**Student:** 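Input: one structure, supplied below.
Just so you know, these numbers come straight off a predicted model, no measurement behind them. The figures here come from the full heavy-atom set of this structure, side chains too, leaving out hydrogens, waters and symmetry mates. In what follows, chains carry the letters A, B, and so on, assigned in the order in which the sequence lines appear, proteins first and then strands, with residues in each chain numbered from 1.
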There are 2 protein chains.
Amino acid sequence: MKPRTTIRDVARKAGVSVGTVSRVVNGHPSVTEAKKRAVLQVIAELGFRPDAAAQSLRRGTNRTLGVVIPDLRNPFFAELMQHIELRAKERGYSVLFASSDEQADSEAELIANLARRKVEGVVLVPSNRAERIANPDGVRLVVVDRRIAGHPFVAADHRAGARMAAEYLVSLGHRRIACLSGPENSFVARERLAGFMDVMAPRLAEAGLDPASCIISAPFDYEGGREAAKALLADDGPRPTAVFACSDQQAIGVLRTAFDRRITVPDRLSVVGFDDILISDLVAPRLTTAAQPLAAIANCATDLLIGGEPLDAAASHIFPCAMVLRETCAPPL
Amino acid sequence: MKPRTTIRDVARKAGVSVGTVSRVVNGHPSVTEAKKRAVLQVIAELGFRPDAAAQSLRRGTNRTLGVVIPDLRNPFFAELMQHIELRAKERGYSVLFASSDEQADSEAELIANLARRKVEGVVLVPSNRAERIANPDGVRLVVVDRRIAGHPFVAADHRAGARMAAEYLVSLGHRRIACLSGPENSFVARERLAGFMDVMAPRLAEAGLDPASCIISAPFDYEGGREAAKALLADDGPRPTAVFACSDQQAIGVLRTAFDRRITVPDRLSVVGFDDILISDLVAPRLTTAAQPLAAIANCATDLLIGGEPLDAAASHIFPCAMVLRETCAPPL
DNA sequence: TTGAAAGCGCTAACAT
DNA sequence: ATGTTAGCGCTTTCAA
C-alpha cells in the first residue's frame, strides 16, 4: 500500500491552497471555474481520494450505515441486506454489516461497535429474544421486521398478511387449517399467529374446537417446518387439509415432509407461506405465499436513516403484504 | 447522539495523562497495576470507547475488511458472506459490504472506495465478466471463487469437483449425460465444464458423439436452470438420463422443469448440482451435489487478509470438494 | 513508568 | 475568491 496522496499534494501541484482543494472536492460554490478545472485535473492525475478517516474525524460522520441482522443464511435477511446496500450505495453510503447470530445479548455490543465507527445510523433486525435494546451511545436506530418498543419500526403488516392468508384458505373451503407458527418468543410469530386467529378463532369457537389443537411452534427455518410437519401430518386423527406456515422456509419444509409422506400438494394438502423469498417461485409445486414488500421496507429504513429526520414514533412505517397465488393451494377434496 | 467521551475525559477523571490512558487501552505493558486499574475503572464508568476514525487516522488502519460480492440473493454468496463476517468478528474485525451486482466495471470503484476507508484488505468475488481488476491503491486483495490472474486465489477445486460429479454419474451407469454449464464468460463455469469433459470427452469420442450436443449454457440461478432444462428435456430426440448442473440453483431449476414435465427424479432423470447450498437438502427430492467447503474457504480468505502475510501467488489455496449423495441420482432405467 | 507534544488528513472558520 | 490555520481524538515518539 503506497503512501496515499493527500490534499496537500494536490494543492501543491495545482498551485492552490488546501482549502481550495477541499472546496472543490466538496462542491463548495465559491471557487473560480479556472481553479476548479486545474484542481480537478490534478486530482485525476494523482488519483487523489480523500481519506475517509480524516473526514470522519473532522466531520464526525462518514456516510456509513450499520446493518445488524441475525443470519444471512436466512434468504429473507439476505435479500433485505442486498436491498439495503443497493439503496445506500445509490445515496453514496457504505454499509457495515454485522450478524448477531440470533444472540440478543450480542446486539448491544455490535451496535456500540458501530457507534464507535461513527455510522450515521443502524438498521437492526432484532433477534427473536430481543425485548429491548441497549443504545447508550444514542445511535440513530431503525428497527426492521421485528418490533421493539420505543424505536422507529419499519416492517410489513404481519398480522394483516396472516389474516389474508387465512382468509384465502377459508375462501377455498378449508375448515381444518393448521398454523405452523414461529418461536414463541418471536414478535413476528406472535403477530402472524394473531392474524391467523383473527380469522380462525370465531370459526373454531363455532365448531367447539380448541384453538391450541391447530397451532404448532417451530423455528422459522426449513428444518423447523419439516419437523413440525411430521407432527401435523401424523396419521392419527383427522389431518388438517391446509397449513399456514409463518415463513416460506417453514412452508418449504412442510412441502418436503408432505412429499416424503406421499401427501400430494395441493390436492390433499394446501400450503401457504409468508415472505415470498426467491425460491418460493422455484420449488415444486410453487409456493403460494403472503409477500412482504421487501424493497419498500429496505428503502424506507435506509432513507429514514440517511435523511437525518428525527427518528421518533411517527417515523414508523408499516407496509401491506400481498397474496401471491401460485400452486400450493386448492379446495379440499 | 450525545458528545462522545474522549480519551481526555478519561485522563482527567483518572488523574493521569492521555498517553497513559492510551497505553492502558492498547494493553501496553509499561503501566503500573494501580494506574491501570484506576483507568479501567474510569473507562467503565464513562463508557469510553475509542473513536475509530481517530485511531484509523493515526494508525492508518482500522480493523476493517471489505467484501465485494456480486449478489447476496445468490444463497451461495450469502452463506459465504455470513462465514466471512463470523470469522472477522472472532478476530475483532468489522466488515464493510458492497455488492457489485455482477457489474465488472463497478468493482474497481467499489474497491477504491474501500481503500479510501482504510480497510485492511478486501475479499473480492469477481463478477463473471471480470478478467482483471484495477487496484491502483494497492489494496490487499484476496480473490474468492472465481480466479483472476495475478491475485491470491481462494476457492474450491471446481474442476476436480465436477470430475467427481461426472464420474459418479458414469459409475451409476449413465451414458447420456448433459452438462448444464454457466455463462460462457464465467471462470467457474469453464472450470466445471472442463472437469465434466475430463471424464466425458473420451467416452463421447468413443461413441462418436459431438461434445457440444450435451452442453448447454445458462445463468447460474434458478431461472437459468429451469429454462435450460426445458431445452434439455424436450421431447424430440433421445433425452439425457442425467444432468450435471454447474450450480445448485440451476439444479433446483432443473428439478422444477422435470416436475412440470412429469419426469420423475431420480427414476427417469438423475440430477447432480454443485455448491451444496442450504436448500439443497430441503428440496424434494433432496439434491445430490458436489459440496464446496464454504467455511474453509471463507476462513482462509479472511485469515489471509488479517494475518498480514504477503499476498503473493503462494498465498492461494484450493480446497477439495466432496460429493454429498442424496436423492436425485439413481441408475438409468 | 509517565507526561508532553507532534502530528495523521481533512474541514471550516477566519482573515485577507 | 482564496489562503491560513486550528483543531477533530488518538498513538507514539521523546524527555524526564
Side-chain angles (χ1 to χ4, degrees), chain A residues 1-40 42-43 46-64 112-113 115-120 137, chain B residues 1-40 42-43 46-64 112-113 115-120 137:
Chain A
M1 188 111 63
K2 66 178 171 228
R4 291 193 58 77
T5 48
T6 78
I7 203 172
R8 295 161 100 91
D9 301 327
V10 176
R12 192 173 324 118
K13 185 152 181 191
V16 298
S17 74
V18 294
T20 299
V21 177
S22 175
R23 281 184 277 261
V24 170
V25 168
N26 297 299
H28 190 94
S30 62
V31 183
T32 54
E33 200 55 37
K35 295 215 179 207
K36 181 145 98 185
R37 260 207 312 281
V39 170
L40 254 14
V42 173
I43 285 176
L46 264 34
F48 167 75
R49 297 257 180 179
D51 180 310
Q55 288 183 315
S56 176
L57 181 57
R58 187 54 228 234
R59 304 209 262 230
T61 184
N62 57 8
R63 300 197 150 250
T64 302
N113 179 45
R116 195 174 95 64
R117 296 182 120 94
K118 292 282 201 300
V119 296
E120 251 160 79
D137 302 280
Chain B
M1 186 111 63
K2 67 182 171 220
R4 292 193 59 76
T5 43
T6 78
I7 202 171
R8 295 163 101 92
D9 301 328
V10 176
R12 193 174 321 117
K13 184 154 184 188
V16 299
S17 74
V18 295
T20 300
V21 177
S22 175
R23 282 183 276 261
V24 170
V25 169
N26 296 299
H28 190 90
S30 62
V31 183
T32 54
E33 200 54 36
K35 295 213 180 212
K36 180 144 98 185
R37 261 207 314 280
V39 170
L40 254 15
V42 174
I43 286 177
L46 264 34
F48 167 73
R49 297 255 181 182
D51 180 309
Q55 288 183 316
S56 177
L57 180 57
R58 191 50 232 235
R59 306 210 262 231
T61 183
N62 58 5
R63 297 196 152 255
T64 302
N113 179 45
R116 190 174 100 65
R117 297 182 120 94
K118 292 284 201 298
V119 296
E120 251 160 80
D137 302 279

**Student:** Once you round it to whole Å, what is the distance between P of C:dC10 and CZ of A:Arg49?
**Tutor:**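 Going from A:Arg49 (CZ) to C:dC10 (P), I get 13 Å.
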**Student:** Kindly indicate, with the supporting measurements, whether the criterion side-chain contact (heavy atoms from CB on, under 4.5 Å) is fulfilled by A:Arg23 and A:Lys36.
**Tutor:** CA-CA 9 Å; A:Arg23 281 184 277 261; A:Lys36 181 145 98 185; over 6 Å; no
**Student:** Tabulate protein N/O versus nucleotide N/O from nucleotides 12-15 of chain C, keeping only pairs under 3.5 Å, one per line.
**Tutor:**
unit_1	atom_1	unit_2	atom_2	d
C:dA12	O4'	A:Arg58	NH2	3.4

**Student:** Between A:Ala54 and B:Leu57, which heavy-atom pair has the shortest distance, and what is it?
**Tutor:** CB-CD1, 3.8 Å
**Student:** Can you tell me the distance, in whole Å, between the CZ atom of B:Arg117 and the P atom of C:dG9?
**Tutor:**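 After rounding, the gap between these two atoms is 18 Å.
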**Student:** If the cut-off is 4.0 Å, is A:Gln55 near the phosphate of C:dG9, judged by side-chain N/O to OP1 or OP2?
**Tutor:**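 No, outside the criterion.
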**Student:** Roughly, in whole Å, what's the span from CZ in B:Arg116 to P in C:dG9?
**Tutor:**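 After rounding, the gap between these two atoms is 15 Å.
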**Student:** What's B:Ser30 touching, base or sugar-phosphate or nothing? Going by heavy atoms closer than 4.0 Å.
**Tutor:** base
**Student:** Hey, what do you get for CZ (B:Arg117) to CZ (A:Arg49), rounding to the nearest 0.5 Å?
**Tutor:**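 Atom-to-atom, B:Arg117:CZ and A:Arg49:CZ are 11.0 Å apart.
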**Student:** For A:Arg8 and C:dT11, what is the distance between atoms CZ and C1' respectively, to the nearest whole Å?
**Tutor:**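 Going from CZ in A:Arg8 over to C1' in C:dT11 covers 13 Å.
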**Student:** Which value, rounded to the nearest 0.5 Å, describes the distance between A:Arg116 atom CZ and B:Phe48 atom CZ?
**Tutor:** 9.0 Å
**Student:** Give the rounded distance in Å between these two atoms: CZ of A:Arg4 and P of C:dG9.
**Tutor:**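 After rounding, the reported distance stands at 9 Å.
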**Student:** Taking all heavy atoms of B:Lys118 and all of B:Asn62, pick out the closest pair and write down the distance.
**Tutor:** O-OD1, 2.8 Å
**Student:** Regarding A:Val25, tell me which of base, sugar-phosphate or nothing describes its non-hydrogen contacts under 4.0 Å with the strands shown.
**Tutor:** nothing
**Student:** For the pair made of NZ in B:Lys118 and P in C:dC8, what is the distance, rounded to whole Å?
**Tutor:**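 Taking NZ of B:Lys118 and P of C:dC8, I get 12 Å after rounding.
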**Student:** With B:Thr5 as reference, evaluate B:Ile43, B:Val42, B:Leu46, B:Val10 under the side-chain contact (heavy atoms from CB on, under 4.5 Å) test and give the passing residue.
**Tutor:** B:Leu46
**Student:** Would you check, one step at a time, whether the test salt bridge (charged side-chain N to carboxylate O under 4.0 Å, His left out) holds for A:Asp137 with B:Arg4?
**Tutor:** CA-CA 8 Å; A:Asp137 302 280; B:Arg4 292 193 59 76; 3.8 Å; yes
**Student:** Under 4.0 Å from any heavy atom of chain A: name the first and the last nucleotide of DNA chain D that qualifies, 5' to 3'.
**Tutor:**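 The contact span of chain A on DNA chain D goes from D:dA1 to D:dG9.
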**Student:** Identify all side-chain donor-acceptor contacts of residues 12-19 of chain B below 3.5 Å with residues at least two apart in sequence or on another chain.
**Tutor:**
unit_1	atom_1	unit_2	atom_2	d
B:Lys13	NZ	B:Glu45	OE1	3.1
B:Ser17	OG	B:Gly19	N	3.4
B:Ser17	OG	B:Thr20	N	3.4
B:Ser17	OG	B:Thr20	OG1	3.4

**Student:** Could you tell me whether the side chain of B:Asp51 and the main chain of B:Ala53 form a donor-acceptor pair under 3.5 Å?
**Tutor:**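 Yes.
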